[in-house]
Peer 1: 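The structure is given below, and queries will be raised subsequently.
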There are 2 protein chains.
Amino acid sequence: MTRGPRRATVKDVAALAGVSPKTVSNVMTGTVFVRPDTREKVLAAVEELRFVPNLSARSLRNGRTGVIALALPDLATAFSADMVHRVVQVAHERGMVVLIEETAAEPQREYDLVSRAREHQIDGLILNPIRLKDSIIVHDDQLPPVVLIGEVEQHKVDRVLIDSRQAGYEVTAHLLERGAKRVAAVGGETGAADATATSIQRLDGYNRALRDHGIAPDPALEVYVEEWSMVGGAEAAEELLGRDTGFDAIMAFTDSIAFGAMHVLQEHGLSVPGDVLISGFDDVEHARFMNPSLTTVALDRRAFAEAAVDLLMTRIEDRATPPRAVAIPHELVIRGSTTR
Amino acid sequence: MTRGPRRATVKDVAALAGVSPKTVSNVMTGTVFVRPDTREKVLAAVEELRFVPNLSARSLRNGRTGVIALALPDLATAFSADMVHRVVQVAHERGMVVLIEETAAEPQREYDLVSRAREHQIDGLILNPIRLKDSIIVHDDQLPPVVLIGEVEQHKVDRVLIDSRQAGYEVTAHLLERGAKRVAAVGGETGAADATATSIQRLDGYNRALRDHGIAPDPALEVYVEEWSMVGGAEAAEELLGRDTGFDAIMAFTDSIAFGAMHVLQEHGLSVPGDVLISGFDDVEHARFMNPSLTTVALDRRAFAEAAVDLLMTRIEDRATPPRAVAIPHELVIRGSTTR
DNA sequence: CTGAAAGCGCTAACAC
DNA sequence: GTGTTAGCGCTTTCAG
């Protein structure tokens, strides 16, 4: 390995500025007051030597790296993209940088991240768990600072959540009130072995809405989608069409699922919203730009990211703080896909 | 700051296993052969102490962190999301982790990243420059390992590119051959102060295609889009409709622009592809799922990410290697938006 | 193949 | 306010 020219160190700067290394350190970190003229001398030396502090050394000393990790199941989804975008922005405002990890392809990685966080030299972790069972969190006695995002049922760890149960209720009720009689729920199944809290809660809201409107649930209207993507949504729609259930609305568990489903319906000559009403979840940017635009559940993702980062930073500061949960409010955004 | 229990160190492991720290190190890094029984003893001690090596210390010693940065203008776009996804996957396969940075909101950051990479303790940087002028790269004598991605005109640095000029030619020709007479180019303008290499090349291909088909370019058909997003595309379409140019096709510089434009046209009661043909660039996943699906220029993004990561790793290994450019082939994918 | 000692660059603790 | 000393945890000499 070829290396560049040797870097200047605090010692070099100190020598040139005629001060001690500690003073250089004080100037660089800015935590202690330094007399202006000394400060100037140091800065001049820093400039001349193009001194850049070595963060590895600093981390080794003070135990903090200024790096947090964001671990999401699938980075290719619009929701993930937006989360990455927001978290990177917020973290940067707080003086931290963000390491990205993807967990869906390799479930073991989720566990690995939690248990070996320190190896990766991250100060903390924001995790959207999919396979992570409570046991992993609970059984590990020395967790790194972790914030869970999503609809996790887990009370020992900081988390940011939305009330998916209520949201699921609201969209379903909206579909029903717009005249739908046979609303399909497209996403996870409560019964599935890997049922996520998200699935369970959204489906629960859906079922309660049906009940409140005097409609009996029909298992044929519940479609399981393995991958919550457009491809998954498309497959689910084909499945649904094959079942011949006479559905007249789709309550999709994510916008991506809704997009995929809508595409297939339209390919089959069905009109949205003429023949079938469709709703999504997340309000990703595409929702506004589809044809028709998509009714969906929106949440303030900036607030979501801020809550996650801030919870994490508090936890990093004080590992003993009792776990907190922050709920981000949601809002039903009604658009063309449910407006005839 | 509250801390967890003290972590085990190589020393502790060495003591428990009855060997020297160096042997522990040898076992952990796996670079040297260690006698199986010694190895076992060490591993047992590692297990018992739940020893996790401290990467800051390791970095401090060997100058490498195993972290690369990926800096993109806007993380919220589908193209970015997919790049993040791929780069994280490839990097992970190569044993590296990825730090994400966003540059558009704060152009200074681009310079900062290049010039202060070492401070951030990254081994190298994959950068999709937008504002970065050649001067910054050229003038800095001690660059960190950098790979530029996109259509950068820059021969002193490793880069991964696609032949946007040729691709621009091909889509435009396709539009023309499908009967369009008045093709609008929606993206950047060559004349704009911040014209990017991407704009220049795509527009150049567009102009050459027009010429080869005996059509005179019309400045009224060139629409500048500041933000290459759906919102930007929507605004551009409004602008184009306002200009009353009698356009019958849109060659959008990205899929997102195309989506935004298509939405507006359809809102105005125009049919795609009936009244207007539309094409995009990038082949993001949504392209297939729009209504109609979008004709676009596809490139193998997995190959793109692999090329970027591999160039970077080679550069990290040997700073003296002459700069290389890898071209990723593209392909015109014809879909509903140009099929009547 | 394994051990001992030195030091990567920085800052916490303590002097002054 | 600033200097001195020591050491964070690891790996690289260099011996053996």
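To find a chain, count down the sequence lines: A is the first, B the second, and so on, and within it residues start at 1. Note that the structure is predicted; figures quoted are calculated from it, not measured.
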Peer 1: Expressed as a whole number of angstroms, how long is the span from Arg58(A):CZ to dG9(D):P?
Peer 2: 18 Å
Peer 1: Name the nucleic acid region contacted by Val32(B), choosing base, sugar-phosphate or nothing; use a 4.0 angstrom heavy-atom cut-off, strictly under.
Peer 2: nothing
Peer 1: Are any of the side-chain heavy atoms of Glu48(B) and Leu16(B) separated by less than 4.5 Å?
Peer 2: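 SC-SC contact between Glu48(B) and Leu16(B) confirmed.
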Peer 1: Among the nucleotides dT4(D), dC1(C), dG3(C), which one has an atom lying closest to any side-chain atom of Phe33(B)?
Peer 2: dC1(C)
Peer 1: So, does Thr23(A) get its side chain near the phosphate of dT2(D), meaning an N or O under 4.0 Å from OP1 or OP2?
Peer 2: no
Peer 1: So do the side chains of Arg58(B) and Pro53(B) get within less than 4.5 Å of each other, counting heavy atoms only?
Peer 2: yes
Peer 1: Which residues in residues 35-45 of chain B have at least one heavy atom lying under 4.0 Å from any atom of DNA chain D?
Peer 2: none
Peer 1: What residues form a side chain to side chain contact (heavy atoms under 4.5 Å, CB included) with Ser59(B), not counting sequence neighbours?
Peer 2: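 Partners of Ser59(B) by the side chain to side chain contact (heavy atoms under 4.5 Å, CB included) criterion, ordered by chain and then number, come out as Ser56(A), Leu55(B), Thr65(B).
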Peer 1: Is Thr29(A) touching bases, backbone alone, or none of the nucleic acid, heavy atoms closer than 4.0 Å?
Peer 2: sugar-phosphate
Peer 1: I'd like to check the side chain to side chain contact (heavy atoms under 4.5 Å, CB included) partners of Asp82(B); sequence neighbours left out, ordered by chain and number.
Peer 2: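 For Asp82(B) the side chain to side chain contact (heavy atoms under 4.5 Å, CB included) partners, ignoring immediate neighbours, are Ala76(A), His85(B), Arg86(B), Arg301(B).
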Peer 1: With 3.5 Å as the limit, what N/O pairs link the protein to nucleotides 6-8 of chain C?
Peer 2:
residue : atom : partner  : partner atom : Å
dG7(C)  : N2   : Arg61(B) : NH1          : 2.9
dG7(C)  : N3   : Arg61(B) : NH1          : 3.2

Peer 1: In whole angstrom, what separates Arg64(B)'s CZ from dT12(D)'s C1'?
Peer 2: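 Spelled out: CZ on Arg64(B) to C1' on dT12(D) is 16 Å.
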Peer 1: Ala81(B): which residues meet the side chain to side chain contact (heavy atoms under 4.5 Å, CB included) condition with it, sequence neighbours left out?
Peer 2: Ala81(A)
Peer 1: Do the charged groups of Arg35(A) and Glu40(A) touch, with an N to O distance under 4.0 Å?
Peer 2: no
Peer 1: Rounded to the nearest angstrom, tell me the gap between atom CG in Asn62(B) and atom P in dG9(D).
Peer 2: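 Checked: the CG to P distance equals 17 Å.
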Peer 1: Does anything in residues 14-24 of chain B pair up under side-chain hydrogen bond (donor to acceptor under 3.5 Å, both in side chains), and if so which pairs, sequence neighbours excluded?
Peer 2: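 Checked against side-chain hydrogen bond (donor to acceptor under 3.5 Å, both in side chains) - neighbours excluded - the pairs reaching residues 14-24 of chain B are Ser20(B)-Thr23(B), Lys22(B)-Asn26(B).
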Peer 1: Quickly work out the Lys22(A) NZ to dG3(D) P distance and round it to whole Å.
Peer 2: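 Atom NZ in Lys22(A) sits about 12 Å away from atom P in dG3(D).
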Peer 1: Could you state the CG-P distance from Leu55(B) to dG9(D), rounded to the nearest angstrom?
Peer 2: 14 Å
Peer 1: Are Val160(A) and Ile328(A) close enough that some pair of their side-chain heavy atoms sits under 4.5 Å apart?
Peer 2: yes
Peer 1: Atom CE of Met28(B) to atom P of dT2(C): distance rounded to whole Å?
Peer 2: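 Value for this atom pair: 16 Å.
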Peer 1: Rounded to whole angstroms, how far apart are CG on Asn26(B) and P on dA4(C)?
Peer 2: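 My rounded result for the distance is 14 Å.
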Peer 1: For the residue pair Leu75(A) and Val88(B), establish whether any side-chain heavy-atom pair is separated by less than 4.5 Å.
Peer 2: yes
